[in-house]
Amino acid sequence: MTGDPLAAGARLRAAAASPLAARFPRRWLEEHAVLPLAVDSAQALVAADGPLPAVVRDTLERGLGAEVAVAEHAAGAIRAALVAEGTRAVEAAGVAGEGVSADRVESVDDLRALAAREPVVQVVNALLAEAVRMGASDLHLETLPDGVRVRVRLDGVLRDLQQLGADFRLAVLSRLKVLAGLDIAERRLPQDGRARIRVAGREVDLRVATLPALHGESLVVRLLDGSGGAADVPLDALGFSDAVVGGVRRLVAQSSGLVLVSGPTGSGKTTTLHAALRWRSTPGVKVVTVEDPVEYRLDGVVQLPVNPRAGFTFANALRAILRHDPDVILVGELRDAETAALAVQAALTGHLVLSTVHTVDATAALTRLADMGVAPYLLAATVRGVLAQRLVRGGCPVCAAPRAPSAEEAAMLAGAGMGATTVVAGAGCPACAGTGYRGRVALGELLMPDDALRGAFVAGASLGALRAQVRASGVPSLRADGMRLVADGRTTVEEVLRVVGDGEEA
């Protein structure tokens with residue numbers, strides 16, 4: 001796909017509303033990601049993301065009465081245009097009709113009636129299906145004065161999908177709240193819930209969260225593969241260096257202690273821990289997890305979802321787990337002092353405890369737990385290792401090509417000890433929706449504290465001093481590990497700096 005993406009999107013939306021598209025069932029066009037653009041006596045121009053299967057080509061040629069030529073557009077852009085047209089058609093028909101006003105709903109029954117209408121159900125299903133097809137991790141619906149902005153997070157970056165009209169937003173938001181079991185009449189307080197749907201033969205778990213915003217509620221849907229497929233990825237296929245993979249395996253092979261994975265939300269912590277558990281779990285080892293929610297199903301592992309409304313918190317679950325003779329315990333997150341203290345006590349009493357914390361690097365995980373109230377001498381005795389990680393977008397396998405690094409890129413690579421003579425850059429193509437990136441890989445900083453670091457930590461050294469000591473011991477920073485991926489041709493300097501920042505020491 002070439003040219004202005006905005007102009008291309010406008011062209012696709014116009015084509016989706018044209019009589020040519022009306023010759024085919026919209027669901028069929030969405031399924032195959034094709035859209036007629038123009039036709040004359042000699043040729044029909046059709047948007048598609050690549051060569052057409054014979055049966056699809058034959059159907060289009062019969063319906064258009066001309067030989068088909070393909071104009072390349074990303075499949076996601078084509079489906080987004082079809083979804084947008086379906087939404088526009090529903091709005092034009094007046095989704096808030098039949099005595100129920102989208103601006104003045106007087107009862108919960110009215111809201112439920114609005115959310116249950118077939119056109120609303122179809123549009124919500126189409127939005128969710130398109131987000132799943134694109135491989136998005138989240139679907140965002142943000143209320144605006146004139147409608148709802150719909151975006152998807154793909155490979156860690158938000159992209160516009162479409163915009164719904166103002167008359168449509170209450171119906172769509174109410175439908176999603178009904179699916180997640182939320183109070184559809186409550187629009188003044190945040191809510192969160194969950195649901196499970198089937199899309200294209202796959203089970204998908206939804207985590208739905210709402211926020212009361214200036215122009216009405218905004219809503220985010222986290223999309224999780226309910227089949228557990230993402231958990232099948234082995235530890236050595238996530239992108240980490242051989243040294244990091246070997247270190248993590250040594251850590252999770254131990255019989256006791258505390259092993260942490262740190263990073264912000266969406267940095268792949270859960271995927272890494274589950275990959276490690278799959279490697280560690282054997283018939284002679286009992287593994288129990290407590291998670292919020294259980295994102296991936298693991299064979300041979302006892303997995304417990306927390307339920308705060310019923311009083312089943314991380315802390316309460318951990319107390320109960322310790323009475324079930326576990327060898328390895330996974331606590332989804334150390335988010336409060338009580339849970340952190342119980343995890344440390346479990347590690348001290350002969351259990352291997354795995355968990356996550358939200359810190360910017362590995363060293364900060366130690367001070368974060370100390371700030372929660374855990375005594376530094378207990379942490380020094382129990383923490384076996386901390387893996388800080390991030391996810392960066394990988395270069396598109398179709399359009400990424402090698403080139404000589406710029407002077408700035410060469411300096412950054414050299415500063416990280418990388419002598420690469422080429423880097424990769426993606427020009428943008430339909431396979432990557434014009435971004436030059438496709439998929440994500442992990443970079444990591446693995447800290448296994450030595451006696452000198454433990455002593456400095458217990459003595460009350462500052463975070464800055466601890467970080468300097470870690471660097472002096474030879475542990476590569478997140479940025480330095482990102483440069484490894486650049487040198488390997490798996491991502492770009494720009495992407496590494498976007499994710500880890502350009503102010504961190506190399």
Side-chain angles (χ1 to χ4, degrees), residues 228 230-263 267-291 294-304 318 321-322 324-334 340 342-357 361-363 365-366 369 378-389 442-454 457 470 473-476 481:
D232 293 335
V233 181
L235 190 61
D236 55 7
L238 296 176
F240 296 119
S241 67
D242 292 342
V244 168
V245 171
V248 170
R249 284 177 173 167
R250 288 194 301 274
L251 288 171
V252 299
Q254 297 191 41
S255 60
S256 65
L258 182 61
V259 177
L260 301 171
V261 179
S262 73
S267 59
K269 301 185 297 295
T270 300
T271 300
T272 297
L273 282 175
H274 280 75
L277 280 181
R278 284 174 59 83
W279 180 83
R280 179 70 167 88
S281 180
T282 61
V285 175
K286 180 163 185 176
V287 180
V288 184
T289 76
V290 53
E291 305 169 68
V294 175
E295 296 186 14
Y296 307 133
R297 275 91 178 148
L298 299 176
D299 292 337
V301 174
V302 179
Q303 296 178 269
L304 311 177
L318 189 49
I321 289 170
L322 291 173
H324 282 256
D325 190 28
D327 297 297
V328 181
I329 304 169
L330 168 64
V331 182
E333 182 184 347
L334 300 184
L342 286 169
V344 168
Q345 289 299 320
L348 282 170
T349 55
H351 304 88
L352 180 66
V353 181
L354 312 179
S355 194
T356 70
V357 289
D361 63 9
T363 312
L366 299 175
L369 293 182
L378 292 177
L379 294 172
T382 55
V383 175
R384 301 287 182 260
V386 184
L387 173 65
Q389 72 173 71
L443 55 90
E445 173 200 12
L446 180 60
L447 170 62
M448 292 189 282
D450 56 18
D451 289 341
L453 184 66
R454 295 177 194 277
F457 176 57
V470 168
S473 70
V475 177
D481 196 52

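Below, all heavy atoms of this structure are taken into account, side chains as well, without hydrogens, waters or symmetry copies.
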* Return the minimal non-hydrogen interatomic distance between Ala346 and Leu322, and the atom names on each side. => CB-CD2, 3.8 Å
* Asked: Between Gln389 (side chain) and Gly268 (backbone), is there a donor-acceptor pair under 3.5 Å?
  -> yes
* Check for a donor-acceptor pair, side chain of Arg384 on one end and backbone N or O of Leu251 on the other, with a separation under 3.5 Å. => no
* For the atom pair CG (Asp361) and CG (Leu447), what is the distance rounded to the nearest 0.5 Å? -> 9.0 Å
* With side chains defined as the heavy atoms from C-beta onward, is the minimum distance between Leu238 and Val233 less than 4.5 Å? -> yes
* Structure fact -> Interatomic distance, CZ@Arg280 vs CG@Leu354, rounded to 0.5 Å, equals 9.0 Å
* Do Leu348 and Gln345 pass the side chain to side chain contact (heavy atoms under 4.5 Å, CB included) test, and can you show the C-alpha distance, the side-chain angles, and the key distance before you say yes or no? -> CA-CA 5 Å; Leu348 282 170; Gln345 289 299 320; 4.0 Å; yes
* **Heavy-atom donor-acceptor pair, Ser281 side chain to Leu277 backbone, under 3.5 Å** => no
* Quick one: pull up CG in Leu273 and OG1 in Thr289 and give me the separation to the nearest 0.5 Å. => 10.5 Å
* **Euclidean distance, His351 NE2 relative to Ile321 CD1, rounded to 0.5 Å** => 10.0 Å
* Audit row: Leu342, Val331, side chain to side chain contact (heavy atoms under 4.5 Å, CB included) steps and yes/no -> CA-CA 10 Å; Leu342 286 169; Val331 182; over 6 Å; no
* What are the two closest non-hydrogen atoms of Ser355 and Leu334, and how far apart are they? -> OG-CG, 3.3 Å
* Asked: Okay, side chain of Gln303, backbone of Leu298: is any donor-acceptor separation there less than 3.5 Å?
  -> yes
* Asked: Closest approach of Ser256 and Ala347, non-hydrogen atoms and distance?
  -> CB-O, 3.9 Å
* Apply side chain to side chain contact (heavy atoms under 4.5 Å, CB included) to the pair Phe240 and Val248, showing each step before the final yes or no. => CA-CA 10 Å; Phe240 296 119; Val248 170; over 6 Å; no
* Asked: Quick one: does Thr356's side chain have a donor or acceptor within less than 3.5 Å of a partner on Gly332's backbone?
  -> yes
* Quick one: are Thr272 and Leu235 in side-chain contact, heavy atoms under 4.5 Å? -> yes
* To do: Please confirm whether the backbone N or O of Gly263 pairs with a side-chain atom of Lys269, one donor and one acceptor, at under 3.5 Å?
  => yes
* Any idea which heavy atoms bring Ala365 and Val357 closest together, and the distance? -> CB-CG2, 3.8 Å
* Asked: Would you find a donor on one side and an acceptor on the other, under 3.5 Å apart, between the side chain of Glu445 and the backbone of Val475?
  -> no
* For residues Arg249 and Asp236, determine if any side-chain heavy atom of one lies less than 4.5 Å from a side-chain heavy atom of the other. => yes
* Asked: Under the side chain to side chain contact (heavy atoms under 4.5 Å, CB included) criterion, do Leu369 and Leu260 qualify, and how do the steps go?
  -> CA-CA 11 Å; Leu369 293 182; Leu260 301 171; 3.7 Å; yes
* **Non-hydrogen atoms of Leu330 and Glu291 that approach each other most closely** => CD2-CD, 4.3 Å
